[in-house]
Amino acid sequence: MTLIKTENLTKIYSDGKVQVEALKSVNLEIEAGEFVVVAGPSGSGKTTLLNLIGGLDKPTDGKVYLEGVDISLLKRDEMADFRLRKIGFIFQAYNLIPVLTAFENVELPLILLGISESERRKRVMEVLNLLEIGELADKKPNEMSGGQQQRVAVARAIVTNPSIVLADEPTAHLDSKTGAMLIDLMQEMNRKRGITFVICSHDPQVIQKAGRLIKLRDGTIEDDKKFW
Amino acid sequence: MIFKLAWRNIWRNKRRTLIVVVSIVVSVSVLLLIDTLSMGMMKQMLDNQINLHIAHIQIHKRGFNDDKTLKNYIPDSEKIEEVLRQIDEIKFYSRRVISYGLINSAFNSSGVIIVGVEPEREKNITIISRSIVEGKYIGEDRGIILGKKLAQKLNVEIGDKVVLMVSDLNGNVSSDVFRVIGLYESPSSEFDKVYVYIPIESAQQLLGLGDKVIEFALILKDQNFINSVKDKIARAIGNSYEVLSYDDISPLIRIGIEMYKELIWIYYLIFGIAVGFGVVNIMLMSVFERVREFGVLKAIGMKNKKIFALILLESFMIGVVGTIIGLVIGLVLYLPLSKTGVDLGIFAESLAWFGSGRIIYPVLTEFTLSLLIFTMPFISLIGAIYPAIKSIKFEPVEALKHI
């Protein structure tokens, strides 16, 4: 089943004088359950592609379909709701809410979904334990290491059982060992839970774990290989 | 969770939040004291006017209020007394004879208002009997009591003789000698210079009124009954009489109180503007420090209206915390002062001129309390609207790039 489809996806950044074409008519289809790594040098358009797929940004031209829905037609609040239900995000800088504990950070999307407290507690602890950070539940981000924070970010991204998790350079701030562990963990989530992952990275150890590798250069797809 | 998030957010920068909280605390406690003191002063002025002479209700022959001459006497006071005795809401009443006249001592003279009273009944109507500072209150003898200020002007003491000179009912000059038996000192120095008291029989004799009286002064069981009792009396005694409340007799007091009520809004406005700017300032700083976080919240699916509500809630909480502490401090200061009063001795002369005592007892009304409870949280909410609008203007992708 096609989960994501882009049609002539184009993004042009303009500051009034200079125009930069970050993505040039990108056509792409991603199936449910894939473990996709989008690689490419800086400025190739990886993050732009991820932002457009995740509905964080609007394309200059072209369309993005997520589960058949043209997300460029969604209004602001509809898009927020769509992101809440369908998409999980993992950021390079973890981006946990500093005043909330690990448990509360993971719980936040479930609260926004209106899930009951007992159900939230069950699901949050299940995900934290799955990621082996159950003991960090009461810790705040500044009491955790980078690797631990990124695990909490992964937990927050998958706790709502989204259709897809979008990760932007998730290992960039981690040492190689922690980075490798994190990518193994994401792969495990992909295999065990069937969650589709789209990861932007130029980290070789992430690239070598890709189920499908899409190489971007100057805003166009240079290469697209499927390994498993 | 939104409450928890808002509460923790406001304490991220403790010093900044505390500065605004302290400004609210100071504003609330100062406003509480200013408002209750002013209200106390107004209430005292009103009570003094009522208790000094006016009473709750006065009854005269129609036309007396515009033409205070003896010809406007009450011809059949027994009929009125009969009506008054049947109205339960009336606590006390007293008959009076009132006339303008001249008082002479061996040294000086002065224009006065002569009040002939029923000494025992009048004790329940006014505070004059309790304001005697030298000598005694009038009884059945031919004594006169004067304000201490007037006695000083006339250079008389207890036991000295004074002569009252009036124009009687027939327009003839009439005079009589009275012995000063008591000096009083009321909260109003201007009153003390003018009003002198003699027994009603002496006044009737001096003025040639026979057994006629000029006015009835009434004290009710509850001030709230005034309008209904006034109507009841007016219906019963007919059109030949005027039944007036203290408000009709001395509208300046009501105007003063109305003016004060308008004025107190200015205090609230000044403090509100000061606090409002503080709130806008810290909330804007707080929003700009958290741009990236708003991007994250939007990315995980938080809608703009929730983010907007979060900012308003944070500001509202600051307003509530400041108000609670301010009210506690204000009440801790207010409660003992409401019993002991505040001695404004340095303003004693002007306060006496206004008819208020030098000791002011602050009065906290339900209206003031509600105003204090709601003003600062409301202003905090208003002050957070602009920062909250800013917080939802950021596009998620731009916000996430923010450092």
Side-chain angles (χ1 to χ4, degrees), chain A residues 11 13 22 47-48 50-52 54-59 75-101 103-115 117 120 124 140-142 153 156-160 162 165-166 168, chain B residues 1-18 282-283 285-311 313-318 321 388-403:
Chain A
K11 181 69 185 179
Y13 292 110
T47 301
T48 303
L50 215 64
N51 288 340
L52 291 174
L56 295 177
D57 204 358
K58 295 268 182 197
K75 290 177 185 153
R76 219 182 232 197
D77 274 358
E78 289 171 339
M79 192 62 237
D81 200 50
F82 195 79
R83 279 197 297 268
L84 177 63
R85 289 168 199 284
K86 304 286 181 188
I87 307 169
F89 285 95
I90 300 168
F91 304 98
Q92 185 175 334
Y94 328 133
N95 285 347
L96 299 177
I97 306 298
V99 292
L100 300 180
T101 63
F103 183 93
E104 290 161 348
N105 263 289
V106 180
E107 189 189 19
L108 188 56
L110 298 179
I111 292 171
L112 297 177
L113 279 171
I115 291 168
E117 195 180 346
R120 291 202 306 261
V124 172
K140 287 201 175 149
N142 62 0
R156 182 177 65 186
I158 65 170
V159 74
T160 55
V165 171
L166 304 173
D168 186 12
Chain B
M1 171 70 88
I2 197 159
F3 282 92
K4 202 187 281 181
L5 190 56
W7 179 252
R8 290 186 194 167
N9 277 336
I10 64 176
W11 299 111
R12 280 183 179 199
N13 191 325
K14 289 193 183 72
R15 188 188 299 177
R16 195 168 60 197
T17 301
L18 280 174
I282 71 149
M283 291 314 293
M285 277 196 267
S286 169
V287 163
F288 282 112
E289 278 171 9
R290 289 189 283 156
V291 173
R292 192 187 181 96
E293 221 170 283
F294 295 129
V296 176
L297 291 173
K298 288 178 187 197
I300 65 171
M302 189 179 266
K303 287 180 186 161
N304 275 340
K305 61 182 177 193
K306 282 230 160 111
I307 293 175
F308 191 88
L310 177 71
I311 301 299
L313 186 61
E314 288 174 18
S315 185
F316 183 70
M317 282 175 165
I318 291 174
V321 169
I389 290 171
K390 281 274 171 198
S391 74
I392 60 170
K393 290 262 181 195
F394 303 118
E395 286 300 327
V397 71
E398 295 302 323
L400 283 164
K401 284 183 201 162
H402 201 272
I403 298 165

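Each chain gets a letter, A, B and so on, in the order its sequence line appears, and its residues count up from 1. It should be emphasised that the depicted structure is a prediction, and the values quoted were computed from it without experimental measurement. Side-chain atoms are counted along with the backbone in the values below, which use heavy atoms only and exclude waters and symmetry mates.
- With a 6.0 Å radius and a threshold of 12 heavy atoms from other residues, nucleotides or ligands, A:Lys140 has its NZ atom above the threshold.
- Taking every heavy atom of both residues into account, A:Thr101 and B:Arg8 meet most closely at N-NH1, 4.1 Å.
- Atom CG of B:Asn9 is separated from atom CG of A:Leu100 by 7.5 Å, given to the nearest 0.5 angstrom.
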Subject >> A:Asp57 and B:Glu395: CA distance, side-chain angles, deciding distance, side-chain contact (heavy atoms from CB on, under 4.5 Å) verdict >> reply: CA-CA 8 Å; A:Asp57 204 358; B:Glu395 286 300 327; over 6 Å; no
Original post:
side-chain contact (heavy atoms from CB on, under 4.5 Å) between A:Arg156 and B:Val296: does it pass, once the steps are laid out?
Top reply: CA-CA 11 Å; A:Arg156 182 177 65 186; B:Val296 176; 3.7 Å; yes
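- Of the two parts of A:Phe91, only the side chain, counted from C-beta on, holds a non-hydrogen atom closer than 4.5 Å to a non-hydrogen atom of chain B.
- Summarising the geometry of A:Asp77 relative to B:Asn304, their closest heavy-atom pair is OD1-N, 3.8 Å, with the distance given to 0.1 Å.
- Distance CD1/B:Ile300 to CD1/A:Ile97: 6.0 Å, rounded to 0.5 Å.
- Heavy-atom minimum distance, B:Gly301 versus A:Leu112: C-CD1, 4.0 Å.
- The shortest heavy-atom contact between A:Arg76 and B:Ile392 is NH1-O, 3.2 Å.
- In this structure, no portion of A:Arg85 lies under 4.5 Å from any heavy atom of chain B.
- More than 12 heavy-atom neighbours from other residues, nucleotides or ligands sit within 6.0 angstrom of CD on B:Glu289.
- The only option from A:Leu52, A:Asn51, A:Thr48 that meets the side chain to side chain contact (heavy atoms under 4.5 Å, CB included) definition with B:Val397 turns out to be A:Asn51.
- Once rounded to the nearest 0.5 Å, the distance linking NZ of B:Lys303 with CD of A:Glu78 reads 9.0 Å.
- Between B:Leu297 and A:Leu108, the closest side-chain pair of non-hydrogen atoms falls below 4.5 Å.
- Between atom CD of residue A:Glu107 and atom NZ of residue B:Lys4 there is a gap of 6.5 Å, rounded to the nearest 0.5 Å.
- For A:Lys58, the NZ atom sits in a packed shell: over 12 heavy atoms of surrounding residues, nucleotides or ligands are nearer than 6.0 Å.
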